[in-house]
Structure formats: structure tokens, C-alpha cells
Amino acid sequence: MEELPKAYDPQGIEDRLYKEWEAKGHFHAKPDPKKKPYSIVIPPPNITGILHMGHALNDTLQDILIRFKRMQGFEAEWMPGTDHAGIATQNVVERKLAKEGKKRQDLGREKFIEEVWKWREEYGSTIIRQLKKLGCSCDWERTRFTMDEGLSDAVLDVFIKLYEKGLIYRGNYIINWCPRCQTALSDEESQHRDVDGMLYHIKYPIKAAKDSFVIVATTRPETMLGDVAIAVNPKDKRYKDLKGKAVMLPLVGRELKIIFDPIVDLKFGTGALKVTPAHDPVDFELGRKHNLEQINVMNDDASINSLGGDYEGLDRFEAREAILEDLKARGLFIKSEPHRHAVGHCYRCHTMVEPRLSPQWFVKMKPLAKPAIDAVKKGKIKFYPERWTKVYLDWMTNIRDWCISRQIWWGHRIPVYYCKGCKDGEGIIVSKAKPEKCPKCGSADIAQDPDVLDTWFSSWLWPFSTFGWPKETPELKYFYPTNALVTAQEIIFFWVARMIMAGIEFRGAIPFKDVYIHGTVRDITGTKMSKSLGNVIDPLDMIAKYGTDALRFSIISITAQGQDVFLSEGKFELGRNFANKLWNASRFILMNLKEDEVKADLCVFFKGAKLSLPDKWILSRFYSTLSYVTECLDEYKFNEAANSIYEFIWHEFCDWYIEIAKVTISEKSSQVILYKVLEKSLRMLHPIMPFVTDEIWRKLPREKTGADSIMIESWPHVQKEMISKDAESKMKELIEIIVAIRNIRSVWNIDPQTSVEAIMNVHEGGIEKLLRENEGFIKRTARVSSLKIGKISKPAGAAASVVGRVEIYIPLEGLIDLAKERTRLKKEEDRINHEIRSISARLKDKNFTLKAPKEVVEKQAARKDELVSQLEKLKSNLEQI
RNA sequence: GGACGCGUAGCUCAGUUGGUUAGAGCACUACCUUGACAUGGUAGGGGUCACAGGUUCGAGUCCUGUCGCGUCCACCA
């Protein structure tokens, strides 16, 4: 057979195989009534994205599922695509323009959008190429983009549907405003971070009362320019006298009402709250309740506007300083105290968010949330790990309306037109296309709403818009609902929850059955990997250095279900070494395989073959492993699947079976089993390590009429009748004996080349038979020249060891240090004594013998017998020294 | 303020529904370049399973509390 290179070198192999898979259409799936569908939609990466370890984990997991299901015979569709990422992409293109000294306003809206599309043409598919490097078997022919015609159409359709249903409205509310991106954000896009701020105590003079003040505490003194009232709790005795009075706003001179409202916390600050309805959500509510004026004192960039009087033009933080100075000058400033509190930050540029009154479009969420809550409560959608169910339900039951309009240019433009001929607020036309004239007044003076929709307003349709919705395509009918959604916890609210609502509302069915939430990839210190922190490990570097399979295997093997992953570069050696081990085992087998022997009908062979214990054992271990791995993959226990394959291939197949088979390798049964176990192991490992498995598989002798790649081969069938607990326990016993002999050799520094004589003192037929039948490989693997089995007493000057039913003697006349041997055996005796004591105590305890299951008690008793007999043997050995 | 996760070998982590002697990888020690593999082999050392109670015949595993670390959510200005 063909000889393989000495070490596995992924360079060259990976790209070659990937191109071939793709060219042959192995990734493509289409509706096939004869097969069951299995589908996953990718969490679409941003077009600005570059592959990071989070993707490496996320997309490897999905690829494992898809490859596994494809092999199991499902029509497996992995729908890929990218997200236009409104704010993020606009920022990137604006930065590019800035380098040329231009602003987007210089270009104008149309030209700017053209620039973004150009940028997208050039860089937007970087991430797709990188996913290919990862080995992802996505159905690239179907690749979608959230700004594609069809998907954009779906977005407009959904907007109109919700508007007509009364679930979309426009209103002037406090929203999260990013002064840098100059747009509104949803609550989810405003990320709370603890900030060390100050709480400033300021005197507000009471009107017409000399030298009396109300002291308020605020963290944002600059907003006082928009104050319209002071609120106190009606129960607050300190402020009883304020009834019927008014307060003068310092620096501005406006008269402020005093209002009484239980929302004010008596314990916080001074118990008096300055009310700024245009700049704070609580104040906004107070303002509505008490009919207060709303004074917005800021521009879009958070500088003070003309309503801010002398402070106009100052940035919010400059204004804060200036106002504090002026207050000090007038003796109205009392003190500032350090105050740590959570403040919202823009999730795109991390600028401090300014809560601010602004007219925006909103989606009413409560009606959408209700069926989405039920779907999860009834178990139609399951979260893995299960604990995320609670997180989802808590959020959903407290859901608030979704601000969906953004004051940027890149995105789906809101399909709303305003007629200037109609009275303010009445000439709203919601329509996909621009109307010629206003249906109400006939005016042609119509302008579209300048805003675009939140990026997530297209993402939430992803599981069905990608399959062609609102058109009733065959793909949509066949592949929807999808089977699994694999994503990170950060995105549960942004995306997962909203997809569930959208799926039920627009498609009338849940979008996926399982949601697998994996952990966050962190660096070795536990910090989230991010480019700005400079602690990233670039997956592409790791692929170049260790290979894709190594990257995939390593990250999977160290990621327990739903736990965060702590990565360091050294961890990729695990996967690289494993790929190399597999490569070399295959290399050995291929060097020795006689093609004719293994091309014969294997089923016929197994019917007639008399298998040796190691043969039965390795087959049993393989099918046990296969059965467990299948179960693990179905339950999203990827690490357990990976680790049990590793354990099987390395420590059972390579360490034992191949070593044992070296003697019998030219025999038919060894040939067949080596081939069969290797070939099936490759299939079992393929979803996790797609490249090395296919490369080796192609070199195996096989019927050329079959599949041309392991990726479209079938998942091995678990042959239960091959699983033999008897073979497994017998083999375990022999392995223990071999290890004991090796141990003696090692302890007495016997040269690895030197063969020794070994004596097995046995008093029972079963074990004697077992030893005799397997004498060959025992001698070989333990380097024993002659093996005597029977009732044989210990020769003088022999080292001894007791394993289960066997006493092992290795005659080492003259080589043994008797004192050292005594200590060694004594240590062993102590260990056994200790265990006997503990088991005896248990067996004497009636509570145990009566209450524990019979099996457990029997097992303990048997264990005790074994230990006692071992102890006797040890003692007699000790006496003979 | 609420919710969740984690604390197991020097390091990074597994540990199924409670049941013999708690595992792996890396690191460490000794020996080995043996015809698959030094990205390797053989043997070995190393753990009061954070702490304190409780349930149980039996707890790393279940319950309560404490301490430490981390994450998410939240309108104390």
C-alpha cells in the first residue's frame, strides 16, 4: 500500500480538500421528499467582521452538527450569510472617508450608500473566506445578505404588517442616544457599565423665601438647564412645608414647581429630585404624570443647544464643569461625593449614552412576547444548557417596547412617507414604494422618513427570510422550522428571543427546536478576547501553525457544555498531536494492509471468523464509543464526544490493539479488524476533524464505486451485538497484569531491550485459561521471554506483584535489593489493608446491607473477597523475602 | 438590588441519574531515538474535591449558609 509522509502536514491538504468538496456540491442541500430535513441557519457575521475565536467555536459547533446529520442521512442544510450591521459598517466607512478628509455629509446620502456598497463588495466577504478556512460546510450557493432584495422586501413587509396591526407606533420618548454615532439605540444596544462618577449636591433657592433652599443631588448637573420641577416623596417629613411653594432654578432663573410623588426614594441623596423630563426616563414619567413641560437642552452631539442659554455650544462634560464653577461662585454648590453607578454605553463605539427625548419608531412587544413565552414554557423550544430558559423567560416577561429607528444612512429605510400638505402628524403614509400623491389630500409634496431600521429588525427574520419568505418557496416549506440554533449568550435578547417572536408572528411556527448556548471565549486570565485589549489569539494564525483540525479539536475538547473557554496558544498542541497520532497509526496500518484481504465481504468474514480476545475487545470498545459519541452529539455534549474518541483512538486502539496486532498483522482477522476499526473511527471523527479524516480515508483500499469523500459517507451503525462486557473485563484484567510486569521492570531498572522470565501463580482454571490463550501478546507487550502459568511457588530472589486472581513473579536473582522490595510490597499491603478496613466497616453496618441495593452490597462483598485473597498472597510473598 | 455560573492535582479543566481505589491534557521525575508516531513510548509522583452545617447506609455529586472569582439584568436621580 501507499506510504504516508512521516508527520501529518495540514498545509496544502486542507485547501485542496475544501475546494473539492465545494466543487462537487457536497455542501448543497435541496428539498428531497425521500429524506428528512435537518437545517441550521448561521448567526450571520457582520460584513465588517473578521474571524475570531468566538466564531471558531460557534461555527465549528454548527459544522459538527451539520456534518454529523449529513452522515446520518438527513438532507442537511446550513444556511450561511452576512449581516449588514448598520451602525458598525457605517462607522467603518465613515472612518475610511475621514482618512480622505471627507465626511458622509459631504457626499450626501445616495453617494455615501454607494460607498458602503463598494466597501461591502471589497471587504464584505472576508469573513466568508475565513469560514471556509475553518472547514465550514455551509451551503454557499444559498448565501444571503440582510440587504439582499428578497430579505429587504421581507423587512418592509413586516414593518407594514406590524404597523397595520397597530404594533408599530411613532412617539416622542426618552431613548438611549449615542452622541458619537448620533443615533438612537435600543435598550439592548445600551450596555451598562459601572462608572466612578460624582453625586453633586446643589442648592435650589425657594421662591420668595430668603436663605431657604431645597438641596438636590444629581450625577448630571448639566441637565439642570432642562429642569422643570422638584419632586419629593409625599411621605417625606423634611419637605412637608414645600406644599404650595415654588423653587427657582439657579443659573437659569426658571420657576420650578414642587411635585409630590411616591416614586422618589427617601433614602437616596437628599430625598429631593430635580425633574428633567427631556433627559431622564424617570423624570419623563413624572413629567407625563404631572403634566410638565419637556425642555430638551442638547443637540445631537450632546452639546448644549440654544435652550441652554449661556452654555450653548459647550459639550455636555464641559457644560458640567462650567455649571459647577458658576454654582460655586454663587454659593449654591454644597459638595460632591464619589458615586459609583451603572451608565449606559453604546455597544458599537462605547461612548456614554445620553438618555434623551426623541421622536422614534417603536414596536409594541408585549403581544409578540406572549406566544413566544408559551412556546418555550411548553417545551416546543428547548435551551441547552437548560438554565438559559429562565434568563429568556425573565427577559420576555419584562419586555419593553423596541426602539427600531436609527438616525443613520446604511440600512433598510423606514417605509413611511410624510405628506407636507396634510396637517402635522396626519399625513403618514406607510407604503413599500413612494406614493405619487397623498391619498388624503392629493398633494405630491411627499418625503420619506429619513431614518433606517435597527439592524436586528432584519436579523429577527433570518430563519425564514433566508429561505425566501414571504414567498412560499419549496425550501421554506422543507427546511423551516430549523432544528438547532447555535449561539453565544450575549445575543439571546438581541436575536434569539426576537427570532422566536418573529417566527411565530409572521410564519406561524417556531423558528428552531433547540437553542444551544455556548460559552464565551476568554484569554487565559479570564478576560474576554477583544481586539482593543490586544489579547486575541487569531484563529487563522493557529490554523497556519497547527492546522484547522487541530484548532477545531482542541477548542471542542476543552469546551464543556455552556461553560466559558479559557484559551492559550499551547492548548492547540492537543489537537495537533492527536491529528498526528491518528495519521501515524493510519500510516502503520496502510503500510501493512493487504488490499485483497480487506476488500472481501466483511460481513461474511465476521460470520465465520474466530476472533481473539483483543479482536473482540477492540470491536466492543469501538461500538461502545460510537454509541456514546452518537448520544453526546445529539445532546450537544461536544467535548465528551471529542474526548471519548480521543481516548478510544489513542489509548485503546493505538496503545493496545495496534501493539498487540503487530504480531498477528499478516493474519486475516487482524487485517480486517485494523481496517474496519480505522475506517469507522475516521467516520466517527470526521465531523470534528474533517480534513485529516478525509485525507486518510481516501488512501484506504475500498470499493471505488462508493462515495468519493468521507463527508458524504454514512455515520457508522452501532452493532450492539459486538459490544461485549465480558471481553472488556477480561481484557482489562490482562492489561492490569501487563502493567504490573512493566512496573516491576521499571522499578528494578531492567533495560527495555532485555526480556525477562515471568511466572503466573494461579489457583483457578478460568484465569489460567485466559492467560494461556493470550500468552502471545502478554509476552510481547511486557517483554517476557518465557511465561510459566500454573500452581507455582515463588522462586527465591524474585520480585512479586499481586493483581486480581494472579500472583506474578519475576525471577531477578541477584538484581533485587531485598529491603527495597520489602518496602514496595509493604506499601502495597498498607493500601489494601486500608481499603479492606473501609469495606468491612461498610459491610458490618446493617444500615448499609439492608438499605443499599443488593447489587451494590454484592459488589462490595466480592471486592472484599478479592482484596483479602490479594492480601494473603502479598503476606506470603513478604514472608518469603 | 435581582438572577446565574464557577471554586476538584503545580496549571487549564472533565466528572452522566449519589455507589468500589476521584480522571484527562499540560507541567514534573526516571528510563527509552524499539521498523507507525519524540507532535512519540513505558513506568511513576502529585488531590482533606473552597469552607461550615445538613439529608442519606453512602456526598465531588443533593439541600442550607459563609467566603472568594466571574457574568448578565435593573429608571437610586
Side-chain angles (χ1 to χ4, degrees), chain A residues 4 6-8 174 192 199 216-220 223 231 263-265 267-270 272-276 280-285 339 341-342 355 385 387-388 390-391 394-395 398 489-490 492-493 519-520 522 524 526 528 546 550 554 557-560 562-568 570-571 573-574 576-592 635 637 639-640 643 646-647 651 654-655 658-659 662 739 742-747 749-753 783 831-832 834-835 838-839 842 845-853 855-857 859-860 862-864 867:
Chain A
L4 265 45
K6 209 171 167 184
Y8 174 60
I174 297 282
H192 289 270
L199 189 61
V216 300
T218 178
T219 54
R220 293 191 293 156
T223 62
I263 199 168
V264 180
D265 186 345
K267 292 189 283 289
F268 189 87
T270 60
L273 171 68
K274 67 186 240 350
V275 183
T276 324
D280 185 275
V282 176
D283 297 11
F284 176 79
E285 283 308 318
H339 179 63
H341 60 144
R387 66 185 136 93
W388 294 108
K390 189 172 146 47
V391 175
D394 285 351
W395 187 76
N398 297 309
Q489 60 201 55
E490 298 98 78
I492 295 178
F493 307 140
T520 306
R522 299 173 184 284
I524 207 69
K528 193 168 162 176
Y546 299 95
S554 302
S557 121
I558 62 176
T559 307
Q563 283 316 120
D564 287 353
V565 196
F566 294 77
L567 268 188
S568 57
K571 298 207 167 157
E573 287 175 8
L574 171 73
R576 180 201 55 188
N577 295 355
F578 182 47
N580 192 56
K581 185 74 182 179
L582 175 68
W583 180 261
N584 276 290
S586 308
R587 179 167 168 259
F588 172 76
I589 292 170
L590 279 167
M591 282 187 322
N592 291 284
E635 290 168 5
K637 293 176 181 169
N639 65 321
E640 291 197 38
N643 292 330
Y646 178 94
E647 173 69 20
H651 297 303
C654 293
D655 287 356
I658 292 181
E659 286 308 316
K662 277 176 179 171
V739 168
R742 286 170 174 174
N743 184 352
I744 290 172
R745 296 180 58 108
S746 170
V747 167
N749 287 321
I750 295 163
D751 186 274
Q753 310 292 350
R783 284 244 164 203
R831 192 186 63 79
I832 292 175
H834 179 79
E835 203 188 330
S838 115
I839 294 188
R842 210 169 304 159
D845 188 347
K846 288 227 171 78
N847 280 322
F848 173 70
T849 49
L850 293 175
K851 287 182 189 171
E855 295 165 12
V856 175
V857 178
K859 251 187 170 178
Q860 291 283 304
R863 174 73 182 158
K864 190 190 166 187
L867 288 169

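In this text, all values refer to a predicted model and were calculated from it rather than measured experimentally. Every chain is numbered from 1 and lettered A, B, ... according to where its sequence line falls, protein lines coming before strand lines.
Taking 4.0 angstrom as the limit, A:R387 places none of its side-chain polar atoms (N or O) nearer than this to OP1 or OP2 of B:C4. OP1 or OP2 of B:A77 sits under 4.0 Å from a side-chain N or O of A:H341. Contact check, A:N398 against B:A74: no side-chain N or O comes under 4.0 Å of OP1 or OP2. Phosphate contact (OP1/OP2 of B:U42, side-chain N/O of A:H651, threshold under 4.0 Å): absent. The side chain of A:K864 places no N or O atom within less than 4.0 Å of a non-bridging phosphate oxygen (OP1 or OP2) of B:U20.
Taking only side-chain atoms of A:D265, from C-beta outward, the nucleotide of B:C37, B:C32, B:A77 with the closest atom is B:A77. Between B:U39, B:C4, B:A36, one nucleotide has an atom nearer to the side chain of A:K662 than all others, and that is B:A36. The A:Q860 side chain lies nearest to B:U20 when the options are B:U20, B:A74, B:A77. Candidate nucleotides B:A36, B:U33, B:C31 were compared by shortest atom distance to the side chain of A:P752, and B:C31 ranks first. Each of B:C76, B:G44, B:C72 was ranked by its minimum atom distance to the side chain of A:N743; first place goes to B:G44. The side chain of A:D655 has B:U42 as its nearest neighbour among B:C37, B:A74, B:U42. Listed candidates were B:A77, B:U12, B:U21. Nearest to the side chain of A:K571 is B:U12. Side chain of A:I839, nearest nucleotide from B:U42, B:U21, B:U39: B:U21. Minimum atom distance to the side chain of A:R863 is reached by B:U20, of the listed B:U20, B:A14, B:C13. Comparing B:G15, B:G41, B:A43 by their nearest atom to the side chain of A:E640 picks out B:G15.
Using a 4.0 Å heavy-atom cutoff across all strands shown, A:A560 reaches sugar-phosphate atoms only and no base atom. Using a 4.0 Å heavy-atom criterion, one finds that A:A342 contacts the bases of the nucleic acid, with or without backbone contacts as well.
Look at the C1' atom in both B:A9 and B:A52: the space between them is 24 Å, to the nearest Å. Comparing B:U17 with B:C32, their C1' atoms sit 45 Å apart, to the nearest whole Å. Rounded to whole Å, the P atom of B:G5 lies 35 Å from the corresponding atom of B:G46. The same atom, C1', is picked in B:C31 and in B:G45; the two are 15 Å apart, to the nearest Å. With both ends at atom C1', the span from B:G47 to B:A24 equals 14 Å, rounded to whole Å. Separating the C1' atom of B:A22 from that of B:U8 is a span of 8 Å, rounded to the nearest Å. Straight-line distance between the P atoms of B:A14 and B:U56: roughly 32 Å, to the nearest whole Å.
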Practice task
Sugar-phosphate atoms are those with a prime plus P, OP1 and OP2; base atoms are the rest. Using that split, label each nucleotide of nucleotides 56-63 of chain B B, S or - for protein heavy atoms under 4.0 Å, 5' to 3'.
Solution key: -B------
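Nucleotide B:C69 forms a Watson-Crick or G-U wobble pair with B:G5, both donor-acceptor distances falling under 3.5 Å. A 3.5 Å limit on both hydrogen-bonding distances identifies B:G25 as the Watson-Crick or G-U partner of B:C11. Within the shown strands, nothing qualifies as a pairing partner of B:U39 under the Watson-Crick or G-U definition with both distances less than 3.5 Å. Across all strands shown, nothing is found opposite B:U20 as a Watson-Crick or G-U wobble partner with both distances under 3.5 Å. Across all strands shown, B:G53 pairs with B:C63; the Watson-Crick or G-U wobble distances both stay below 3.5 Å.
In terms of polar N and O atoms assigned as donor or acceptor, the side chain of A:E659 comes within less than 3.5 Å of the base of B:A36 in a complementary pairing. Between the side chain of A:K6 and the base of B:C37 there is no donor-acceptor pair of N/O atoms closer than 3.5 Å.
In this structure, A:K581 forms no cation-pi arrangement with A:Y646, as its terminal cationic atom is not both closer than 6.0 Å to the ring centre and no more than 45° off the ring axis.
Test A:L273, A:V275, A:V282 against A:V264 for side chain to side chain contact (heavy atoms under 4.5 Å, CB included) and you get one pass: A:L273.
Considering only heavy atoms from C-beta on, A:D283 stays 4.5 Å or farther from A:I174 through its side chain. In this structure, A:R587 and A:N584 have side chains that are in contact, with non-hydrogen atoms separated by less than 4.5 Å. A:L199 is not listed as a side-chain neighbour of A:H341, based on a closest heavy-atom distance of 4.5 Å or more.
Per the geometry, CD belonging to A:Q489 stands 13 Å off C1' belonging to B:C6, to the nearest Å. Here the P atom of nucleotide B:U71 and the CD atom of A:Q563 are 14 Å apart, to the nearest Å. For the pair A:N577 CG and B:A27 P, the interatomic distance rounds to 9 Å; values are reported in whole Å. One atom, CH2 of A:W583, and another, P of B:U39, lie 17 Å apart when rounded to the nearest Å.
Residues A:F588 and A:N639 each lie close to RNA chain B; by heavy-atom proximity, the contact nearer the 5' end of the strand is made by A:N639. The 5' end of RNA chain B is approached more closely, in terms of each residue's nearest nucleotide, by A:V565 than by the other of A:V565 and A:L574.
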Exercise for the section: Please step through side-chain contact (heavy atoms from CB on, under 4.5 Å) for the pair A:D564 and A:Q489, ending with a clear verdict. Expected result: CA-CA 10 Å; A:D564 287 353; A:Q489 60 201 55; 4.1 Å; yes
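Between A:T223 and A:K274, the side chains place a donor N or O and an acceptor N or O closer than 3.5 Å (distance only, hydrogens not considered).
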